[in-house]
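These values consider heavy atoms only, across backbone and side chains, with no hydrogens, waters or symmetry-generated copies. In what follows, chains are A, B, ... by sequence order, proteins preceding strands, each numbered from 1.
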4 protein chains.
Amino acid sequence: MNDIFATLESEVRSYSRTWPTTFDRAGGSYLYDEDGTAYLDFFAGAGALNYGHNNPLLKRKLIEYIERDGVTHGLDQSTVAKRQFLETFRDRVLQPRGYNYKIQFPGPTGTNSVESALKLVRKITGRESIISFTNAFHGMTLGSLSVTGNSMKRGGAGIPLVHATPMPYDDYFDGQVPDFLYFEKMLEDSGSGLNEPAAVIVETLQGEGGINSSRPEWLHGLYDLCQKHGMLMIVDDVQMGCGRTGPFFSFEEAGIQPDIVCLSKSIGGYGLPLALTLIKPEHDVWEPGEHNGTFRGNNPAFVTATEALNQYWADDKLEKSTIAKGERVGKVLEELATKYGGAMAKGRGLARGLGFEDTNVAGKVSKAAFDRKLLMETSGPSGEVLKIMPPLTVLDDELEQGLQIVRESVHSVLA
Amino acid sequence: MNDIFATLESEVRSYSRTWPTTFDRAGGSYLYDEDGTAYLDFFAGAGALNYGHNNPLLKRKLIEYIERDGVTHGLDQSTVAKRQFLETFRDRVLQPRGYNYKIQFPGPTGTNSVESALKLVRKITGRESIISFTNAFHGMTLGSLSVTGNSMKRGGAGIPLVHATPMPYDDYFDGQVPDFLYFEKMLEDSGSGLNEPAAVIVETLQGEGGINSSRPEWLHGLYDLCQKHGMLMIVDDVQMGCGRTGPFFSFEEAGIQPDIVCLSKSIGGYGLPLALTLIKPEHDVWEPGEHNGTFRGNNPAFVTATEALNQYWADDKLEKSTIAKGERVGKVLEELATKYGGAMAKGRGLARGLGFEDTNVAGKVSKAAFDRKLLMETSGPSGEVLKIMPPLTVLDDELEQGLQIVRESVHSVLA
Amino acid sequence: MNDIFATLESEVRSYSRTWPTTFDRAGGSYLYDEDGTAYLDFFAGAGALNYGHNNPLLKRKLIEYIERDGVTHGLDQSTVAKRQFLETFRDRVLQPRGYNYKIQFPGPTGTNSVESALKLVRKITGRESIISFTNAFHGMTLGSLSVTGNSMKRGGAGIPLVHATPMPYDDYFDGQVPDFLYFEKMLEDSGSGLNEPAAVIVETLQGEGGINSSRPEWLHGLYDLCQKHGMLMIVDDVQMGCGRTGPFFSFEEAGIQPDIVCLSKSIGGYGLPLALTLIKPEHDVWEPGEHNGTFRGNNPAFVTATEALNQYWADDKLEKSTIAKGERVGKVLEELATKYGGAMAKGRGLARGLGFEDTNVAGKVSKAAFDRKLLMETSGPSGEVLKIMPPLTVLDDELEQGLQIVRESVHSVLA
Amino acid sequence: MNDIFATLESEVRSYSRTWPTTFDRAGGSYLYDEDGTAYLDFFAGAGALNYGHNNPLLKRKLIEYIERDGVTHGLDQSTVAKRQFLETFRDRVLQPRGYNYKIQFPGPTGTNSVESALKLVRKITGRESIISFTNAFHGMTLGSLSVTGNSMKRGGAGIPLVHATPMPYDDYFDGQVPDFLYFEKMLEDSGSGLNEPAAVIVETLQGEGGINSSRPEWLHGLYDLCQKHGMLMIVDDVQMGCGRTGPFFSFEEAGIQPDIVCLSKSIGGYGLPLALTLIKPEHDVWEPGEHNGTFRGNNPAFVTATEALNQYWADDKLEKSTIAKGERVGKVLEELATKYGGAMAKGRGLARGLGFEDTNVAGKVSKAAFDRKLLMETSGPSGEVLKIMPPLTVLDDELEQGLQIVRESVHSVLA
């Protein structure tokens, strides 16, 4: 059935191996394969589908736009669609939070945004070194890869990845070591050998790295450390932004305002490629055209992005429901963790995980769930964490149904 | 009018400065601003719109797909839309040319493809160094930027760009020096200090670099040099592929088959983000997931890409008409070059340029053309080349109309 | 008086600023300036004069050799003087300790030895990354500088220093954190982002870094960690070898045998430039001439080195006296530390220091000592440690006399 | 006989393989092995013995200094011996030539000097990139190695050597290409991809690279290019300075004054390790101690260096005799080149070579010469050049005797 994928597509393909079927249609929380089988999606495009598949509210606007021959491709030309997006982003996102970020369209993917952020902090500070964190994931292009932790992915670079030093993420030592003990000592000791950092780049919750959630106080401590030592702070909110953890930005709870924020994945709303780099005005030192890209102005994505902001971020309903659903998931995962020794419930909002000591278990559970028509991936350096990320728009009974499959799948592997 | 772009969008914006109006709709060879003014487009999304704006044949398929809730976002899952694209690409592109490339979806933009290619050649060879060419342009992420020539763009990196050495592009010394004299001597002399290259990366016609076209014999000579010295050959056909110079691949005329080919821009057909990396099967040494990306499977783009291949590459009509139209453009440019001293007609196919000795002229001509409702950009290290790239589907009378504006605009500046 | 030094010598000069007089002669523990003033030397050429100035036993052999026209300069040709050195080093140093190191003459200074070691471990392992330690000092050439901690000295490179990651040295966190907690976690976590290290390079006691002495158990733990994770271990014994801490090698007490050992400074015996790189036979994978250097065979230094080994390492008298004298110094420093709050006695053997919380104190004490005709330098990232390193051959009454000046000088600053 | 060298010395040893005997004594133009066999030395310590072995004039001063207990080891403390050297260098070298260089003692070897120069030009300019030349040799530490051409030696680094780009040395293309065509175009074209260079580093005659002599007009052209493009110029005169090509500095004939000059090898006069970095005063921006080194103040070498300057550089006798002897050598080499097809006479002053097309010949000739008791090494990337560098003090009949052996040795291989 999948012959052409095996024969013609590169060996690099991965999800098609995890879920060996051919998908055709999708809607809301479901994907359907070409035989019509429905799969409940607790994966949500790795965070790109917070509003579900082919969300009908956005779909209507998208088709209208295409039908009326709105500009499709526009590099960074001014367009009506872009203006509407900018105004809406300002009105729904920035102003209510008191933010005054400038907006860069760095190219349509997360790694484009991260690369632009890294370039900019180096340009601003004249320093080359970036602090990343253990088990970070920021993308596959050379700059982003250098601040990514996974050794297999780093090995793909084929050259030494330098100009970045990893520091321990929150709770890396299970509470044995005070926060930032190492990092701060290295900064303060002029003999430490640590190159003076231009910036830190951090995810508030590491999705690929194993659903590792940082505490608000850790994040705030990091922010303070940056202020104190003249480092800029980049939050990579590509996967955890757009409401995945509840609030629009995942760092809101920590009460901080990073110097630069990277957004992508669900910002386009409909699963169309789009990315933003938010920059504090005083840091917007780009020359015109100094960073560019062919698809930085993906106008259909502006349209769906605008509608998503209007539909979901005019009030706090989505935020609240995400938190509520997340707590429901968390409760079930805690039960499972209690029931099965060596398992640990992880995450917050609707970015949840169940970690297993035995690194083979999560993969088996994922497979068992697929057999039961539920899509979940694994994460963590050894794929030891079952990653549970339904669309934020998942219905309550879909959620319960999926959680029941999670229970059964874990049971089928561990019992 | 453009207030929000000036206040909210980053200083990095560029085309919105070149063309100070706000576009709304588009169709075929025209863009329309919000006042309804029509602009004839000799820019074509910097090569992303070879089939024109909102091509109605593709539009129909796109809307059908969205209407029927085809999968929109699918990472690299197998989908029906992807299968159809793979089959069509095999049948319309690979098999007729006797190629057996494997296909990687490296993320949806050209720089994603270039980054994947650079990673792969380093992995294959165990060597770190890449040969790039003077005035090359390959993208803005760190790996791609290191093989890009433009000093302003390189400066944006904020760190030294290393692991690449530029060699002279075809005719860099105006025929004074035999082809590859320098390159080959550096390769053959074990004391030259040139790090042993993993690969060369080359555009057959440098669009951003100034519409510099290489001769087929130069390209073939480069291919032979690669074979002789164990270097892999990457052709970056992001801007010049998909028929821009006539044939589907811009290197066909040279009679070579590169080890790796990068495609993006017009491959999606409709201006939607999509990119491919074509890899000779023996070089497809990726581990599953070793390179990934959220938007590598942009299914709406698969749909329009498939239809574009079916509509335009089932026979040689487009190729022939592109060559014919290109010759027409070339003829007019030659006339202008003859008329105005110090100007030079450049390019081939429908990638054409008019270079001026005075580096300020091309920008003024571009502005004069905008005033006459024609969109053309400039290229070259100092923006000294007027870049003329209409959609390949431009109608003959549109072409003539545009060329007349080109004449008038040049005249208005130089006369 | 020093005019020509100020006018003709580069601004980089340093010790001539610390001790503003012009020295003429020297003998044993004393330097004499051109006015005949004697200075007691608790500096010992920064560890290059373990056997005192112009040691008469070595001087006799040196003059004999010069008089009889023994080969002076011999690159790495075989010479009688080199053979005698090799035999003596084997008999006095290697065989008694059960070591089977091969000996490389990498050029006559410590940094030549460190550079050769770094090149070799990278060649052996095919990995690029080196683990260094906080406050390490390994030399001023580019490779050595990249594993050196001091930020002022690193800044001199003018380019980013990469391919090395600093780890916390012993007791970096004052006992708050278990040894190697951070390092081991980073090694074991495949998502940590730490590039797989070729080797660690370590001083058992950091002289320049502030007289930081590592415990034998820490050093042994590091050795075990290297074994466990396939990292090679380089001990830089340039300053602390040749008996400075008591035994010939400073790591003997830890019961380990590093893969590579760097020796220089006092190995020549008489203050003449000489360096060795000791390599376990299985790691001696150099090609002939792959590392070379004009002065790697400094034959007069072979002669004095041979005599020094014969005179001082045929029995354990020097080792024992060094330890005894070191304890005497330590006792005085402990008294001072007790007497003056915020001071700390540091070091072992005859590498001793007195650290002060106020980073200005040590420099003032050094100056006060100079006024009292005692030479001592400072070390540590802010020069906050008074560094006390008399020749190992210092006589007991010279030691007491010097310690009395130390007391007075500290008193003059702090009382 | 050589057992201990084979068993105990690292595989990296090289000259001991070329000349398989054990040397004991030396004097003037001769080395004597332990059996008393005399070898005429046309190698001169690879340029470190311009005044011959154990020159009796210098020897007398050296022994006097040691006998009277002059300071031997003094880091960069002011000493009487250093003052005398500085004054003499000023009076004999700098002032007569109208130079106002500041003098740095960067450590006692050529590579220390080169490393200090590279650090300094990067610090001065804030740029990272250095232009080196094909077949350059500058040393084995990481910075120097990155500007060295030989691929075997570069391979020893074990990491990518970056931050330097090689340009063609004089006559690299046998006159086919105008001087600096490539280099200047790369500098002037802002799209070339060449990182803006901090400096060029150049040997006026490449000793290790194959006795490649640059023309004064080429060197002056390079100097002009540096002035025009804001690059600093470093001349590495380590091997070719101190009169090897006739004048004290090898660049005098070109009428230029480089920004920085590296001296070592024969500057110590007697074969003792010593190196200088000469810096134009406006470039002496070092912080005190920013570059240091244990053996930068090798006082016995100051003594012999001073005497060498007084004996040989108070008038122009040595310069004239070097040129005369060099012409004599050149004449013989021209005769040989004429007699044996494919051979080429190279070099100037007393740095001479005979290049062979067959890369095996020079090594065989060297061996044949050794059998005839004449020491000559080979150079060039494949060891294809017989390198003839007698002491400058070689007597006329020694020269004739040696040239006769050269003739016989060439004949024995080629006839």
Side-chain angles (χ1 to χ4, degrees), chain A residues 2 4-5 8-16 22-27 34 45-46 48-49 54 63 66 69-73 75-80 83 86 102-104 107-109 115 119 122-123 128 140-143 156-159 163 265 271 273 284 286 288-291 294-295, chain B residues 2 4-5 8-16 22-27 34 45-46 48-49 54 63 66 69-73 75-80 83 86 102-104 107-109 115 119 122-123 128 140-143 156-159 163 265 271 273 284 286 288-291 294-295:
Chain A
N2 281 334
I4 193 158
F5 302 109
L8 203 55
E9 198 176 346
S10 163
E11 293 301 321
V12 81
R13 71 194 183 280
S14 58
Y15 287 111
S16 60
T22 302
F23 297 101
D24 184 21
R25 291 176 308 107
E34 58 186 336
L49 295 166
N54 300 331
I63 288 180
I66 297 170
D69 277 333
V71 170
T72 299
H73 182 275
L75 286 125
D76 71 345
Q77 293 155 262
S78 299
T79 64
V80 171
R83 181 201 289 147
L86 286 170
K102 301 278 296 277
I103 298 172
Q104 178 183 3
T109 75
E115 292 267 349
K119 287 163 74 171
R122 285 164 166 156
K123 183 172 185 197
E128 51 83 37
M140 290 292 102
T141 52
L142 202 56
I159 51 171
H163 304 304
K265 291 201 185 254
D284 184 23
W286 287 116
E290 199 174 14
H291 181 96
T294 297
F295 293 111
Chain B
N2 282 333
I4 195 160
F5 302 109
L8 203 55
E9 197 176 345
S10 163
E11 293 301 320
V12 81
R13 71 195 182 279
S14 57
Y15 287 111
S16 59
T22 303
F23 297 100
D24 184 20
R25 290 177 306 107
E34 58 185 337
L49 294 166
N54 299 332
I63 288 181
I66 297 170
D69 277 334
V71 169
T72 299
H73 183 277
L75 286 124
D76 71 346
Q77 293 155 264
S78 300
T79 64
V80 171
R83 183 200 288 147
L86 286 170
K102 303 274 300 272
I103 298 171
Q104 178 182 3
T109 75
E115 293 268 348
K119 287 163 72 171
R122 285 163 166 155
K123 184 174 184 195
E128 51 82 39
M140 290 292 100
T141 51
L142 203 55
I159 52 171
H163 303 304
K265 291 198 184 256
D284 184 23
W286 287 116
E290 199 174 11
H291 181 96
T294 297
F295 293 111

Trainee: State which residues pass side-chain contact (heavy atoms from CB on, under 4.5 Å) with A/Thr294; sequence neighbours excluded, sorted by chain then number.
Mentor: A/His73, B/Ala48, B/Lys265

Trainee: What residue in B/Gly158, B/Gly143, B/Gly156 has the most heavy-atom pairs under 4.5 Å with chain A?
Mentor: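 Of the candidates given, the most pairs with chain A belong to B/Gly156.
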
Trainee: Look at B/Val12, B/Val71, B/Ile103 and state which one has the largest set of heavy-atom pairs under 4.5 Å with chain A.
Mentor: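 Among B/Val12, B/Val71, B/Ile103, the one with the most close pairs to chain A is B/Val12.
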
Trainee: Which pair of heavy atoms, one from B/Ala46 and one from A/Leu75, lies closest together, and at what distance?
Mentor: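 That would be N-CD1, 4.0 Å.
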
Trainee: Can you list the residues that meet the side chain to side chain donor-acceptor pair (under 3.5 Å) rule with B/Glu128, with sequence neighbours excluded?
Mentor: B/His163, B/Asn195

Trainee: What's the spacing between A/Glu9 CD and B/Asp284 CG if we round to 0.5 Å?
Mentor: 10.0 Å

Trainee: Taking A/Asn54 for the side chain and B/Ile66 for the main chain, is one N or O donor matched with an acceptor at less than 3.5 Å?
Mentor: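 No: the side chain of A/Asn54 does not pair with the backbone of B/Ile66.
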
Trainee: Starting from the C-alpha separation in whole Å, work towards a yes-or-no answer on side-chain contact (heavy atoms from CB on, under 4.5 Å) for A/Glu11 and B/Lys102.
Mentor: CA-CA 9 Å; A/Glu11 293 301 321; B/Lys102 303 274 300 272; 3.4 Å; yes

Trainee: Quick one: pull up NZ in B/Lys119 and OG1 in A/Thr141 and give me the separation to the nearest 0.5 Å.
Mentor: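 One finds 7.5 Å between NZ of B/Lys119 and OG1 of A/Thr141.
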
Trainee: Which atom pair, heavy atoms only, marks the closest approach of B/Arg122 to A/Ala157?
Mentor: CD-O, 3.8 Å

Trainee: Identify which of B/Thr109, B/Asp69, B/Ile159, B/Leu49 forms the greatest number of heavy-atom pairs closer than 4.5 Å to chain A.
Mentor: B/Asp69

Trainee: Top residue by heavy-atom pair count (under 4.5 Å) with chain B, among A/Gly27, A/Pro108, A/Gly107?
Mentor: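 Most heavy-atom pairs within the cutoff with chain B belong to A/Pro108.
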
Trainee: To the nearest 0.5 Å, what is the distance between CD (A/Glu34) and CZ (B/Arg83)?
Mentor: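 These two atoms lie 4.0 Å from each other.
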
Trainee: Could you walk me through whether A/Asp76 and B/Ser16 satisfy the side-chain hydrogen bond (donor to acceptor under 3.5 Å, both in side chains) test, starting with their C-alpha distance in whole Å, then the side-chain angles of each, then the deciding distance to 0.1 Å, before giving a yes or no?
Mentor: CA-CA 6 Å; A/Asp76 71 345; B/Ser16 59; 5.0 Å; no

Trainee: Give the minimum heavy-atom separation between A/Phe295 and B/Gly271, together with the two atoms involved.
Mentor: CE2-O, 3.5 Å

Trainee: What verdict does the side-chain contact (heavy atoms from CB on, under 4.5 Å) test give for B/Thr22 and A/Val80, after you've listed the backbone C-alpha separation in whole Å, the side-chain angles of each residue and the deciding distance to 0.1 Å?
Mentor: CA-CA 6 Å; B/Thr22 303; A/Val80 171; 4.0 Å; yes

Trainee: In Å and rounded to the nearest 0.5 Å, what is the CZ to OG1 distance from A/Phe5 to B/Thr79?
Mentor: 6.0 Å

Trainee: Please find the pair of heavy atoms, one from B/Ser14 and one from A/Pro288, that lie closest to each other, and give the distance.
Mentor: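 Heavy-atom minimum between the residues: CB-C, 4.4 Å.
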
Trainee: Okay, side chain of A/Glu115, backbone of B/Leu142: is any donor-acceptor separation there less than 3.5 Å?
Mentor: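 Indeed, once roles are kept as given, a pair shorter than 3.5 Å links the two residues.
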
